[in-house]
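Report on one structure; see the data block that follows.
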Amino acid sequence: MYLDELNKEQREAVLYNQGPLLILAGAGSGKTRTIIYRVAHLIKQGVSPYEILVMTFTNKAANEMKDRVKSILDVKYPGMWIGTFHSICLRILQQESIHIGYRTPFTIYSTSNQETVIRRAIKDLNLDQNKFKPKMFTTAINQAKNNLDSYDKYLDSKNPYDRTIGEVYQYYQKELKKNNAMDFGDLIMNTVILLRENKKVLERYQDKFKHILIDEYQDTNKAQYRLVNMLTQRNKNICVVGDDDQSIYGWRGADLSNILDFENDFRDVKIIRLEQNYRSTENILKAANSVIHNNSYRKSKELWTDKGEGTRVHLYEANDEESEAYFVLKTIKELNITKGFEWKDIAILYRTHAQSRPIEDAFLYHNLPYKIYGGTRFYDRKEIQDILSYANLIVNPHDNTRLQRIINVPRRGIGERTFERLSNYANENGISYYEAIEETGKIETLSSTYKNKIRDFRALIEDLEEFERNNSVDEVINQIAELSGYKDDLSELKKKNNVEAETRLENIAELVNVASTFAARNPDAGLKEFLSSIALETDVDSYEEEDESVTLMTLHAAKGLEFRVVFIVGLEEGLFPSLKFDNNNEEDEMEEERRLCYVGMTRAEDELYLTYAKSRRQYGEMKYNMPSRFISEIPEECLDQINIMDKAGAVTKEYVKVVESNNPYTVGDKVEHKKLGIGVILEINEDIIKVDFLQSGTRMLATEFAPLRLIKDTEIVDSIRNVTPEPLAREKEQEDNGYSIGDVVEHDHFGIGEVKSLDGEFITIDFNKAGSKMLSIAFTKLRKV
DNA sequence: GGTTGCGACGTTTTT
DNA sequence: CGTCGCAACC
């Protein structure tokens, strides 16, 4: 019986099924499990799946829930509405499109499309481009939509700056309407407007959804709050799950008061607290609890665990960001060797993306596999946006923004002047650009050469439209890349050894993959459906737990995940907590930084490392930051201060020496190799050691990959057993490793260099920039030049 | 129509 | 220190 798999509070939350319910679920307290079982239980009790609505913030969460509900109930199609706020709203808007004055299918504008429209607005409204940056407006408009504010409110403002925002907002909104497009904010706001202005529609949905569940309720903004509130007014079976201590998106419009005031919004609210943490050890939990206790704007809650004390939270002071990176690297290697943690068990979390760089450098140099999440998103990449613009144009040719984007990409001789003549004609006649293209003959300002070029473009789009009717989504995407000349263009560049072009081709291939997966899963869906599905998709959705690599990500991106070992780096005043506070709500923002720290700390299951650097390069300038206040908020008895003086501090440029000083081995140490048995270290050269093995003679080994462990003298007697040294696979390469002295080679990290000497699988190269290095061929990516 | 160089800028970003 | 956008060049 599935109820037996729950603790007392979780069970209570599953069984309580009449009226408003607030589940305050601390980090690692089995939140998702509770929601899923609650849904399953409702259905087992006879509630129809069609009467249940579950809203989440990420596709990942939605998919996970869908899958788990399906497996508990053992059905193929769950029937209930489970999705992100945005996808649920999209679904409603598409069904009710007659009420909202949009044609179906409307398109969805991503952040980059948004910016394109804003740029045009700034130009057309003759605003000073030095004073007004597009980002200011996108931020303001998104925020306005989160708060359900229309542009009228801004236009009526006494503040001239707000009036300018109003003007741009108005222009932008009209432009979107003209293009039959909505941005992310519109999806929510327009749904609220739809329900507010159509009583019949509202009542239909209120009737339909007898039970509504909201995940991560602390992250809802005002618009989302209104939406939920309207939908639930009839049945009041609203269950919200969240943790006020994990609200970290305030700057994006999330309104913490939604969860804090929930009990005042409804009558007879039942509150259940899930406070048993199944993730972290006592020390980690105690440290995290102590930090969050310094916040005043929160509900009382105290997490506990029965996992046992565990090790203390490790604290390390580095000299600078490079030695911080090397501490992380070295510690990870040690954890792997001594405690058997795998790469995928480990995550490194930081406040800003820029901090990943020194860590990447260190990992790259030492071939420690890692994966970075965030940064430029896959769907934001230029080539992906370009291809998708073509695809969108096939579905909706009147999308001016996207047409403008690709009409000359790749170059086909339709330059700025030509386009201007075309767009002028369109504007004068009040038609879309594509309609103007259909009337090219009538545009008198164009010479026949350019008319023909435009006709060619039109023919291209028509060919693609035709192709789309008879082929699968992935074939269409591929055809776009082919017919548009995009592929040829990149292939040409690739021939010239352009690495970037190669990546772009790979990205396009990946997009075709995504499309074919979609086509396989949704056999009845077409291009239209594919486009709206990926418009709401993000990179986080592709996070793979199985990956054999260390995870690098921002603290924000880590929410909802867990790792056996967590490093939080850069715990310095000014960096974390970040130093950019508004004067008005300084305290609010500090509390949000603290919650972010809490989120980071509670990701850790077994080991938590906190590091800070005494000095750090920020924006090219040397900064000397104080250790973060969050460190001093941790009780000393939970901390294990690592008091290694950083010998390497003075020579940070010389990675080599840092590693040497951090190398766990010294000459004379006895080691045990998984295959080669016991040996003694004869020499140490960077991270390569020469070991004399009892049974197989001397060998060079790369410390970070050789399956080695240090052994004490007393162990030796026990350990000498029959080790039959198997020749390593690499040994065969020794005969001819493909390189000879004098070869010029290129290394991903060090650049160009010349081969100086060869010693088995080891190769010494004199790099033009990085100097002389000894590297293991098996683990080094080298190219002959 | 495409390249180059200079200056401005610089959190976090579930959709 | 990097990146990116734009203006001035070829």
Side-chain angles (χ1 to χ4, degrees), chain A residues 55-63 83-90 108-111 114-115 119 123 129-131 133-136 138-139 142-143 145-146 182-189 215-216 218-221 223-224 246-254 321 349-358 361 373-377 379-380 382 408-418 532-543 553-561 570 574-581 589 592-593 595-597 599-600 616-623:
Chain A
M55 290 206 268
T56 66
F57 276 83
T58 64
N59 294 304
K60 190 173 179 263
N63 291 335
T84 62
F85 271 91
H86 292 84
S87 68
I88 297 286
C89 286
L90 176 64
I108 296 170
Y109 272 10
S110 68
T111 321
Q114 248 184 324
E115 265 191 47
R119 275 211 187 84
K123 257 184 209 148
Q129 298 199 25
N130 295 321
K131 233 170 97 191
K133 289 160 289 163
K135 199 119 187 243
M136 288 162 37
T138 47
T139 311
N142 292 338
Q143 203 71 275
K145 289 179 180 177
N146 288 340
M182 289 194 202
D183 64 20
F184 292 137
D186 285 331
L187 291 175
I188 314 283
M189 186 171 77
D215 188 21
E216 307 275 16
Q218 77 281 355
D219 288 332
T220 49
N221 60 36
Q224 289 157 336
Q246 292 189 67
S247 164
I248 54 174
Y249 288 103
W251 50 274
R252 260 187 73 166
E321 72 273 22
L349 311 180
Y350 35 75
R351 181 66 237 267
T352 64
H353 284 301
Q355 287 168 261
S356 70
R357 200 186 192 86
D361 281 349
Y373 293 87
T376 9
R377 291 168 30 181
Y379 291 106
D380 279 346
K382 189 186 174 303
N408 201 30
V409 177
R411 316 247 168 223
R412 49 175 74 89
I414 305 177
E416 223 168 300
R417 304 284 315 161
T418 310
S532 58
S533 103
I534 60 169
L536 300 176
E537 197 148 307
T538 60
D539 283 7
V540 190
D541 303 330
S542 64
Y543 176 80
M553 55 168 63
T554 61
L555 286 147
H556 281 91
K559 200 173 94 173
L561 303 175
L575 184 62
F576 189 31
S578 173
L579 198 68
K580 255 193 170 173
F581 301 121
E589 299 197 16
E592 182 151 316
E593 293 285 311
R595 290 193 292 269
L596 189 56
C597 185
V599 167
R616 174 184 303 273
R617 246 173 209 294
Q618 279 173 288
Y619 306 135
E621 240 181 304
M622 198 57 100
K623 294 274 173 63

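The chains referred to below are lettered A, B, ... by the order of the sequence lines, with proteins before strands, and numbering in each begins at 1. Just so we're clear, the structure is a prediction, and the values are computed from it rather than from any experiment.
- Summarising the geometry, the separation between CZ on F576(A) and C1' on dT12(B) is reported as 10 Å, rounded to the nearest angstrom.
- Between R595(A) and S247(A), the shortest heavy-atom distance links the atoms NE-O, 2.6 Å.
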### Task
Walk me through it: do T56(A) and E216(A) pass the test side chain to side chain contact (heavy atoms under 4.5 Å, CB included)?
CA-CA 7 Å; T56(A) 66; E216(A) 307 275 16; over 6 Å; no
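- R252(A) pairs by the side chain to side chain contact (heavy atoms under 4.5 Å, CB included) definition with Y249(A), not counting sequence neighbours.
- You'll find that the side chain of R351(A) is closest to dT11(B), out of dC1(C), dT11(B), dT14(B).
- Within 4.0 Å (heavy atoms only), F85(A) reaches no atom of the nucleic acid at all.
- Comparing K559(A) and R412(A) along DNA chain B, the residue whose closest nucleotide (by nearest heavy atom) sits nearer the 5' end is R412(A).
- Side-chain nitrogen and oxygen atoms of T111(A) include none within less than 4.0 Å of the OP1 or OP2 phosphate oxygen of dT13(B).
- G560(A) comes within contact range of no nucleotide atom at all, as no heavy-atom separation falls under 4.0 Å.
- Between the CD atom of E321(A) and the C1' atom of dG2(C) there is a distance of 14 Å, given to the nearest Å.
- Here dT14(B) is the nucleotide among dT11(B), dT14(B), dT12(B) with the atom lying nearest to any side-chain atom of R252(A).
- The separation between Y249(A) atom OH and dT12(B) atom C1' is 7 Å, rounded to whole Å.
- Put simply, CE on M55(A) is 15 Å from C1' on dT14(B), counting in whole angstrom units.
- Remark: K133(A) is in phosphate contact with dG10(B), judged by side-chain N or O atoms under 4.0 Å from OP1 or OP2.
- Of all the heavy atoms in R351(A) and S578(A), the pair that sits closest is NH1-CB, 3.4 Å.
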Atom pairs, protein N/O to nucleotides 2-6 of chain B N/O, distance under 3.5 Å:
from   : atom 1 : to      : atom 2 : distance (Å)
dG2(B) : OP2    : R411(A) : NE     : 2.3
dG2(B) : OP2    : R411(A) : NH1    : 3.2

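- Ranked by how close their nearest DNA chain B nucleotide is to the 5' end, G185(A) and I248(A) are led by I248(A).
- Side-chain atoms of H86(A) and I108(A), non-hydrogen and from C-beta on, never get closer than 4.5 Å to each other.
- For dT11(B), one of the phosphate oxygens OP1 or OP2 lies less than 4.0 angstrom from a side-chain nitrogen or oxygen of Y619(A).
- Each of dT3(C), dT11(B), dT14(B) was ranked by its minimum atom distance to the side chain of R357(A); first place goes to dT3(C).
- For dT13(B) and dC4(C), the P atoms lie 16 Å apart once the distance is rounded to whole Å.
- At whole-Å resolution of the value, OH in Y373(A) and C1' in dT13(B) are 18 Å apart.
- One finds a side-chain N or O of H353(A) lying less than 4.0 angstrom from the OP1 or OP2 phosphate oxygen of dT13(B).
- The separation between K135(A) atom NZ and dG5(C) atom P is 11 Å, rounded to whole Å.
- Nearest nucleotide to the E593(A) side chain, out of dT14(B), dT11(B), dC6(C): dT11(B).
- As judged by a 4.0 angstrom heavy-atom cut-off over every strand, D219(A) is placed among the base-contacting residues.
- Which of dT11(B), dT13(B), dC1(C) sits closest to the side chain of R617(A) comes down to dC1(C).
- Scanning for side chain to side chain contact (heavy atoms under 4.5 Å, CB included) contacts around K382(A) gives D386(A), R405(A), V409(A), Y486(A), R504(A), with sequence neighbours left out.
- For the pair N63(A) CG and dT14(B) C1', the computed distance is 13 Å after rounding to whole Å.
- Side-chain contact check for Q355(A) and T352(A): at least one donor-acceptor pair (N or O, by modelled atom type) lies under 3.5 Å.
- For the pair E592(A) (side chain) and G250(A) (backbone), a donor-acceptor distance under 3.5 Å is present.
- With rounding to whole Å, E416(A) atom CD is found 11 Å from dC6(C) atom P.
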